[in-house]
Amino acid sequence: MYAPRMQWPEHEGDPGGRLGQGLEGAREGYLLIRPSGRLAASNAAMVNFFPALAATLVPGTHISRLLAAALSRGFSTGTRRASRLAVRHQVLGIATTQAELRLHDGRWLRIGGTLTPDGGMLVICIDVTAAHEHAEALDIARCDREIVVQKLAQGICLYAPDATVRLANARYSELLGINPALPRPGATMRSLLAASIEAGHHGERSLDGMEQACLALVARGEKRRLVLTLSTGLLVAFDHIPLENGGWLATFEDITERRRIEERAAFLARHDALTRLPNRTMLSERLEQAIAASGRGVRFALLCLNLDHFKIINDTLGHKFGDRLLRAVGERLLACVRETDIVCRLGGDEFAIIQTDIEQAEHSAELGHRMLRALAAPFRLDGEHVNVSGCIGIAIGPDDGTHGDALLRHADTAMVRAKRDGEGTCRLFEPEMDARVQARRGMETALRRALADGAFELYYQPLVDVQANRVTGFEALLRWRHPDGTMVPPAQFITLAEEIGIIVPLGAWVMHAACAVAASWPAGLRIAVNVSAMQFKTSGLAACVTSALAASGLPARRLELEITESVLLADNAATLDVLRDMRARGVRISMDDFGTGHSSLSYLRSFPFDKIKIDQSFVRDLEDSADSAAIIGAIIGLGRSLGMRVTAEGVETAGQLDHLRAAGCDEVQGYYFSRPRPGGEVAGIIARIEGELVDAK
Ligand code: C2E
Ligand code: MG
Ligand code: MG
């Protein structure tokens, strides 16, 4: 294989050629070239590096041949710089510069040449593979770091102690609005500040001022966080982090969104999201402040406002409309108060107002009335016009309480009282209201429980045709079996059930129960069911009737709905539509308690009722009052000419019965024939009454 190609020149100081022997065994490759350009010697390592050139690595080969052989076997230096040098070697025949070359087996050689005193050259090849691998690893690490730095959501800028940039990422330039080419290594902090100012990020701030502020921060040598508000609206958290070498790291983070969310959360904690008015939490705080001030003799008022029938508006016009209305109400209320007062929304249709610094309680009532007047003008929203009213209860601090809770309770009590007094009223709290309201609250809870527990029952009172002498049907009358065992009549709970909205599910229960019972009666008997005005205000009455008829199998013509004049008070088209629809399906409609309303006669014109029920107050006075007798006579005549049957309610005596029959009344109802009785007694009642009527003939 390898035969020593030793022709290492002997040296005066090295007579045995030991140097040559040493070179022969060296790890580095050596190649000695004579001034003529021919090889004088090469060592074993050289052949080991270039086994393919072994044949040319022999004394006497001209360097140009060696290079040609090298090139033909694909050797080239690894870099452009190296290959350019190789050419230079060739041209000059001599070089003193180093070049690097990758071998076929992957090793890296560093090739250097040095001139020999006689004009020849010694070429030395050193295996630098290990150094290359190390550098490559360093390169990869540098590259990874660059990626990380550039991908950071934070903007960073690393400064040397002389306030020049060492490293900055693109996010930094982006946040501060400067050209990303500017913060290159060596750029001064001042130049970057100038660029950011020029980009309009710092309003009126001067370059000198900003630079001094930054340098002062650096001089303090402490970690520091500042929040910068840029002129673009961005909020940027800036961290100054001093480094041990005297330089520093500046990081920048866009916290605009985070801050917005935090501020919104803080706002929502104390405000109502819908109306943006202060909420209960803020009301409590302000109440505490007002109470504290009242210790110094400053009185204040707490007004609780609740809208009338808001639930109906919500149910009929939709929640979106309801929301818009609540916002509009909030705005009108706000327009009534001074800057020192606050208007809060407590939830639903409940608002509370603190009126600060009042001299007399009457002043708060004035504000209350002002607010009610403000609400009275129709609201025009989404093409709809709605009229809204509300009730207000007022408690005065500290007269009516020195705790927020007590004041709120008392204002609420006064509000409940106002509700009872009618829509659109305002009441100041009075201590005796409290007991009544407590009782009412208790009743309210009991009613809700009764509905859930099925504690309601229906009693039935016969309607008697006094011309044909037979029972035509029964009116279903609601009873509440109170936990104490007594039967509570509807007069004591229907109004409350209407106010708290229970009347709708309760009315549906009545409808189903009454139809179910009547379906088991003889086919000629009708059932009369009372329907509250509230049931008309919420949609769903028609569906309720349909499902009650379907579930019981009762034909529609055997059902009679009794409505009072209050149903027609609103005179809205929807109510009349429901009535017409029901009537078209065969259900009969009666006007109950006729004569007690304000414009009874006009109601008769608005809808073709099947029956008029004369209110029992006229019947009661019948025998003593010529007026009542005249009125009854007129109603009977009216009914006859309008084609409506006439029923007289509250007939208790034979005298009343005789009078009514003689006057031409079609039907009567009253204790004279029977009190309202449980459903099980219906058959017995019919038999008894019809027996009596036959006997009387
Ligand atoms: P209404 O519909 O006018 O019912 C007639 C009322 O007069 C019943 O009172 C009945 O017991 C009473 N009554 C009947 N005959 C006589 C009599 O000869 N003398 C006297 N003094 N009273 C007589 P009730 O059962 O206490 O019902 C009172 C009102 O409660 C009803 O008046 C009706 O408006 C309402 N109501 C009853 N049940 C319901 C119901 O299921 N739903 C609704 N919304 N209201 C109902
Ligand atoms: Mg009735
Ligand atoms: Mg009646």
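Any value given below was found using the heavy atoms of this structure, including those in side chains, with hydrogens, waters and symmetry copies removed. Atoms within each ligand, like the ligands themselves, are counted from 1 in listed order.
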J.: Applying a heavy-atom cut-off of 4.0 Å, say which part of V510 lies close to ligand 1: side chain, backbone, both or neither.
T.: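 It is the side chain that touches ligand 1; the backbone stays farther off.
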
J.: Once you restrict to heavy atoms under 4.0 Å, what part of R479 touches ligand 1? Side chain, backbone, both or neither.
T.: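 The answer is the side chain of R479.
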
J.: Do E667 and K613 touch side chain to side chain, with heavy atoms closer than 4.5 Å?
T.: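 No - every pair of side-chain heavy atoms lies 4.5 Å or more apart.
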
J.: With atom 39 (C) of ligand 1 as the reference point, say which of V531, N530, I503 has the nearest heavy atom.
T.: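 Considering heavy atoms of V531, N530, I503, the nearest to atom 39 (C) of ligand 1 sits in N530.
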
J.: Among side-chain atoms of E498 and S532, is any donor-acceptor pair under 3.5 angstrom?
T.: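 Yes.
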
J.: Applying a heavy-atom cut-off of 4.0 Å, say which part of T564 lies close to ligand 1: side chain, backbone, both or neither.
T.: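 No part of T564 is near ligand 1 at this cut-off.
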
J.: State the CZ-OG1 distance between R479 and T486, to the nearest 0.5 angstrom.
T.: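 That separation rounds to 12.0 Å.
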
J.: Walk me through whether F493 and F456 qualify under ring-ring contact (aromatic ring centres under 6.0 Å, His included).
T.: CA-CA 11 Å; F493 62 85; F456 289 105; 5.6 Å; yes

J.: So that I can check it, does any N, O or S atom in D592 come closer than 2.8 Å to the Mg ion (ligand 3)?
T.: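 Looking at D592, which is the residue asked about, there is an N, O or S atom under 2.8 Å from the Mg ion (ligand 3).
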
J.: About how large, to 10 degrees, is the angle OD1 of N530, then the Mg ion (ligand 2), then OE2 of E475?
T.: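 Taking the Mg ion (ligand 2) as the apex, the two atoms subtend 90°.
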
J.: With the side chain counted from C-beta on, respond yes when F351 and M371 share a heavy-atom pair under 4.5 Å apart, and no when they do not.
T.: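 No. Closest side-chain heavy atoms not under 4.5 Å.
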
J.: Check contact between E475 and ligand 1, using heavy atoms of the residue and a distance below 4.0 angstrom.
T.: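 For ligand 1, residue contact (heavy atoms, under 4.0 Å) with E475 is present.
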
J.: Are T596 and D593 linked by a side-chain donor-acceptor pair shorter than 3.5 Å?
T.: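 Checked: T596/D593 side chains show no N/O donor-acceptor pair below 3.5 Å.
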
J.: Below 4.0 angstrom, counting only protein heavy atoms, does anything approach atom 26 (O) of ligand 1?
T.: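 It does; a protein heavy atom is within 4.0 Å.
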
J.: Indicate whether any N or O donor in one side chain lies under 3.5 Å from an N or O acceptor in the other, for H482 and D484.
T.: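 Yes, a side-chain donor-acceptor pair sits under 3.5 Å.
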
J.: Protein heavy atoms: any of them under 4.0 Å from atom 9 (O) of ligand 1?
T.: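 No, no protein heavy atom sits under 4.0 Å from atom 9 (O) of ligand 1.
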
J.: Does R620 approach ligand 1 within less than 4.0 angstrom via side chain, backbone, both or neither, non-hydrogen atoms only?
T.: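 No part of R620 is near ligand 1 at this cut-off.
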
J.: Indicate, with yes or no, if the rings of F609 and F594 have centres closer together than 6.0 Å.
T.: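 Aromatic pair excluded; centres sit 6.0 Å or further apart.
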
J.: Using 2.8 Å as the threshold, say whether any N, O or S atom from D615 sits that close to the Mg ion (ligand 3).
T.: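 Within the cut-off used here (under 2.8 Å), D615 places no N, O or S atom near the Mg ion (ligand 3).
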
J.: What atoms of ligand 1 come closer than 4.0 angstrom to any heavy atom of E649?
T.: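 Contacts of ligand 1 toward E649, numbered from 1: 3 (O).
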
J.: For ligand 1, which atoms have a heavy atom of E652 less than 4.0 angstrom away?
T.: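 Listed by number with element: 17 (C), 18 (O), 19 (N), 20 (C), 21 (N).
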
J.: At under 4.0 Å between heavy atoms, which part of L458 makes contact with ligand 1: side chain, backbone, both or neither?
T.: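 Within the 4.0 Å criterion, L458 makes no contact with ligand 1.
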
J.: Considering only heavy atoms from C-beta outward, does the side chain of I353 approach that of V337 to under 4.5 Å?
T.: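 Yes - at least one pair of side-chain heavy atoms lies under 4.5 Å apart.
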
J.: Checking the N or O distance criterion of under 3.5 Å, is ligand 1 in contact with Q535?
T.: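 Between Q535 and ligand 1 (N or O atoms, distance only) the closest approach is not under 3.5 Å.
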
J.: Within a distance under 4.0 Å of any heavy atom of P676, pick out the atoms of ligand 1 and give their elements.
T.: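 Counting from 1, the qualifying ligand atoms are 11 (O).
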
J.: Look only at interatomic distance and state if Q669 has a nitrogen or oxygen under 3.5 Å from any nitrogen or oxygen of ligand 1.
T.: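 In this structure, Q669 places no N or O atom under 3.5 Å from an N or O of ligand 1.
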
J.: Quick check: of its N, O or S atoms, which one does D593 have closest to the Mg ion (ligand 3)?
T.: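 Restricting D593 to its N, O and S atoms, the minimum distance to the Mg ion (ligand 3) goes to OD1.
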
J.: What do we get for D593 next to ligand 1 when only non-hydrogen atoms under 4.0 Å count, side chain, backbone, both or neither?
T.: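 The answer is the side chain.
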
J.: Please name the residue in the list R440, R420, K311 that meets the salt bridge (charged side-chain N to carboxylate O under 4.0 Å, His left out) test with E499.
T.: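 So, applying the salt bridge (charged side-chain N to carboxylate O under 4.0 Å, His left out) to E499 and each of R440, R420, K311, only R440 qualifies.
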
J.: Counting C-beta onward and ignoring hydrogens, is there a side-chain heavy-atom pair between W480 and L506 closer than 4.5 Å?
T.: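 They are not in contact (no side-chain heavy atoms under 4.5 Å apart), so the answer is no.
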
J.: So is A491 in contact with ligand 1, going by heavy-atom distances below 4.0 Å?
T.: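 Distance cut 4.0 Å: A491 fails for ligand 1.
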
